[in-house]
Amino acid sequence: MRDATKFGAETTASEVADGIDLRGKVVLVTGGSSGLGQETARVLADRGAHVILTARDVPKGEAVAAGIRASTGNPRVEVEELELGSLKDIRGFASRFLARHPTLHVLVNNAGVMACPQSKTADGFELQFGSNHVGHFLMTCLLAPALLRGAPSRVASVSSRGHHMSPVVFDDIQFERRPYDKWRAYGQSKTANVLFAVGLERRLGARGVHANALHPGGIMTELSRHLQPEDLEFLRTRTRGMKFKSVEAGAATSVFAATAPELEGRGGLYLEDCHVAAVNDAPDALDGAKSYALDPTNAERLWEVSESLVGERFAFSA
Ligand SMILES: NC(=O)c1ccc[n+]([C@@H]2O[C@H](COP(=O)([O-])OP(=O)(O)OC[C@H]3O[C@@H](n4cnc5c(N)ncnc54)[C@H](OP(=O)(O)O)[C@@H]3O)[C@@H](O)[C@H]2O)c1
């Protein structure tokens, strides 16, 4: 039987969702074609949700969806194409999505890229900030009417302990006046994921749309596709040999953010190991949230910058 007080680093997503009934709920998981997104989608589908997972590689996504339908017996698992590095693509996706699904109950902003070589999105944004943050910002704001219709509804922003590596450097977000550093860029994008949850909660929390951010743990997935052997050494040193989680445990905090009754009515939080994490500003911290990532002033500043980057302001009518 589900007992949230016993949840920890090894708890699996299935254990978190045990006994939770998601029949009649519409769930969107970005980056559902691999890793944590795939397991998150599987577990939410297993609890009866109608799950839409996004993929850039649609055949890869379809194979994942077919596997989930077969293993859960839930026929309502679909794939939608989405490239978060293109504002045009996101707008097209959002209008197709809203036409098919006017109501959305859970949005898991999971897709992400880590420590890639310097590159830009289709709109000229630094790739990690552009796809991990700006893409999700625009998509979520465009889907807000569906989330408002689904209220009480939730947004889970998959951040990372990597946010400890950098605040959002407002003076030079795009690395135009400083040398590109792939880890600082990842850290900045993951801090932005937390600040976005804070900003969204401020705007929509009172209307029943609650947003939280989370760190899933360290899990071996395709996220490491850009890493060199020396990067793995760097990570091992930084994390002081912390144990990797299984994918099943790695998806647990996302599923916790998406479904836990303990979080009802709560938002603007940073979660890890299926708990609300405290602020930890110690320079060598292995857990917790940096205060710059939860700072409401930073969240407002990021919101304004993000609106300006996407060229749209959001008033959020239902
Ligand atoms: N694994 C960890 O240890 C860890 C730790 C902390 C945080 N996280 C976070 O957890 C999330 C999931 O990561 P994962 O470990 O499951 O990695 P993963 O297996 O590489 O999955 C990432 C997913 O994001 C998609 N994606 C990447 N860039 C995209 C873009 N521009 N547009 C649309 N989709 C895009 C990928 O699609 P393709 O398959 O098409 O590339 C893939 O489906 C990420 O946000 C990551 O930052 C992971």
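Computed over heavy atoms, backbone and side chain alike; hydrogens, waters and symmetry mates excluded.
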Legend entry - Basic-acidic side-chain contact under 4.0 Å: Glu262, Arg2: yes
Inset, instruction - Run the salt-bridge test on Arg301 and Glu304 with the 4.0 Å N-O cut-off and return the result as yes or no. - result: no
Inset, instruction - Can you establish whether the number of heavy atoms outside Glu230 located under 6.0 Å from its atom CD is more than 12? - result: yes
Which atom pairs, one a donor and one an acceptor, fall under 3.5 Å between side chains of residues 154-161 and the rest of the protein, sequence neighbours left out?
from	atom 1	to	atom 2	distance (Å)
Arg154	NH1	Ala257	O	3.2
Arg154	NH1	Ala260	O	3.0
Arg154	NH2	Ala260	O	2.8
Ser157	OG	Asn193	O	2.9
Ser159	OG	Lys190	O	2.8
Ser160	OG	Gly162	N	2.7
Arg161	NE	Leu286	O	2.4
Arg161	NH2	His215	NE2	3.4
Arg161	NH2	Leu286	O	3.2

Legend entry - Heavy-atom side-chain proximity of Val134 to Phe129 below 4.5 angstrom: yes
Legend entry - Side-chain heavy atoms of Thr72 within contact of Arg47, under 4.5 Å: no
Inset, instruction - Run the salt-bridge test on Arg69 and Glu78 with the 4.0 Å N-O cut-off and return the result as yes or no. - result: no
Legend entry - Side chain to side chain, Asp273 and Phe7, heavy atoms closer than 4.5 Å: no
Inset, instruction - State whether a side-chain donor-acceptor pair under 3.5 Å links Asn109 with Thr30. - result: no
Inset, instruction - Find out whether the Lys NZ or Arg CZ of Arg238 is both under 6.0 angstrom from the six-membered ring centre of Trp183 and within 45° of the ring's axis. - result: no
Legend entry - Nearest non-hydrogen partners of Ala213 and Ala197, listed with the distance: N-CB, 3.9 Å
Inset, instruction - State whether Phe175 and Arg178 meet the cation-pi test: NZ (Lys) or CZ (Arg) under 6.0 Å from the six-membered ring centroid, and within 45° of the perpendicular axis. - result: yes
